[in-house]
Amino acid sequence: MGFFEDIRKAVCRIPMGKVATYGDVARAAGHAGAARQVSWALRNADALGIPWQRVLGSGGRILLPGRAGLLQRRLLQEEGVRFIGGRADIAKHGHRFKQSARSDGSGRSVG
DNA sequence: CCCTTGACTTAGA
DNA sequence: GTCTAAGCCAAGG
């Protein structure tokens with residue numbers, strides 16, 4: 001398995017109308033701490049059919065510069081993601097990945 | 001192997 | 001809120 005494959009799989013797990021941070025994607029892909037590399041894998045995501053627009057920076061901030069950033073925001077808004085003060089409402093649209101490689105299973109939901 | 005780059009993240013002032 | 005510094009990891013020259 002390649003590095004990018006793990007990343008792309010994780011990104012594809014994000015459903016429409018939901019968003020996740022680079023760090024979350026990296027963690028869900030089994031590469032915690034590789035948040036920066038997530039963006040690397042997303043550079044060619046568009047050509048691979050990856051929902052790259054659902055990946056944001058910490059706090060729901062769009063880090064993509066230029067038109068790409070505007071495009072990302074527009075795409076998300078079309079998916080129903082609400083933006084507040086230039087940031088996506090991750091409290092409402094933040095996607096929570098299923099428990100992956102968690103020793104204590106702290107990531108599991110109870111109710 | 002060494003150094004630089006990058007759509008990152010957290011902590012401090 | 002804005003800026004700086006340090007930590008982080010993989011790809012490319």
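We name chains A, B, ... by the order of the sequence lines, and we start the count at 1 in each one. In what follows, every heavy atom counts, from backbone to side chain, and hydrogens, waters and symmetry copies are set aside.
- Side-chain proximity of A:Phe4 to the nucleotides C:dA11, B:dC8, C:dC9 is greatest for C:dA11.
- Counting only heavy atoms from C-beta on, A:Trp40 has its side chain closest to C:dG12 among C:dG12, C:dC9, B:dA7.
- Listed nucleotides C:dA10, B:dA7, C:dC8 differ in distance to A:Pro65; the shortest reach to its side chain belongs to B:dA7.
- The shortest distance between the side-chain N/O atoms of A:Thr21 and the OP1/OP2 oxygens of B:dC8 is not below 4.0 Å.
- One finds no salt bridge joining A:Lys18 and A:Glu79 here, because no Lys/Arg side-chain nitrogen approaches an Asp/Glu carboxylate oxygen to under 4.0 Å.
- Listed nucleotides C:dA11, C:dA10, B:dA7 differ in distance to A:Arg43; the shortest reach to its side chain belongs to B:dA7.
- The listed nucleotides are B:dT10, B:dA7, C:dA10; the one nearest the side chain of A:Ser58 is B:dT10.
- Taking the centre and axis of the six-membered ring of A:Phe83, the NZ or CZ atom of A:Arg73 falls inside the cone set by 45° and 6.0 Å.
- Residues A:Arg36 and A:Arg61 both approach DNA chain C. Their nearest nucleotides, taken by heavy-atom distance, put A:Arg61 toward the 5′ side.
- B:dA7 and C:dA6: their P atoms are spaced 22 Å apart (whole Å).
- Taking atom CD1 of A:Ile7 as the reference point, atom C1' of B:dG6 lies 14 Å away to the nearest angstrom.
- A:Leu63 comes within contact range of the sugar-phosphate backbone alone, with a heavy-atom separation under 4.0 Å but no base atom that close.
- Across all strands shown, A:Phe3 has heavy atoms under 4.0 Å from sugar-phosphate atoms exclusively, and none from any base.
- Ring centroids of A:Phe4 and A:Trp40 are separated by less than 6.0 Å, placing the two rings close together.
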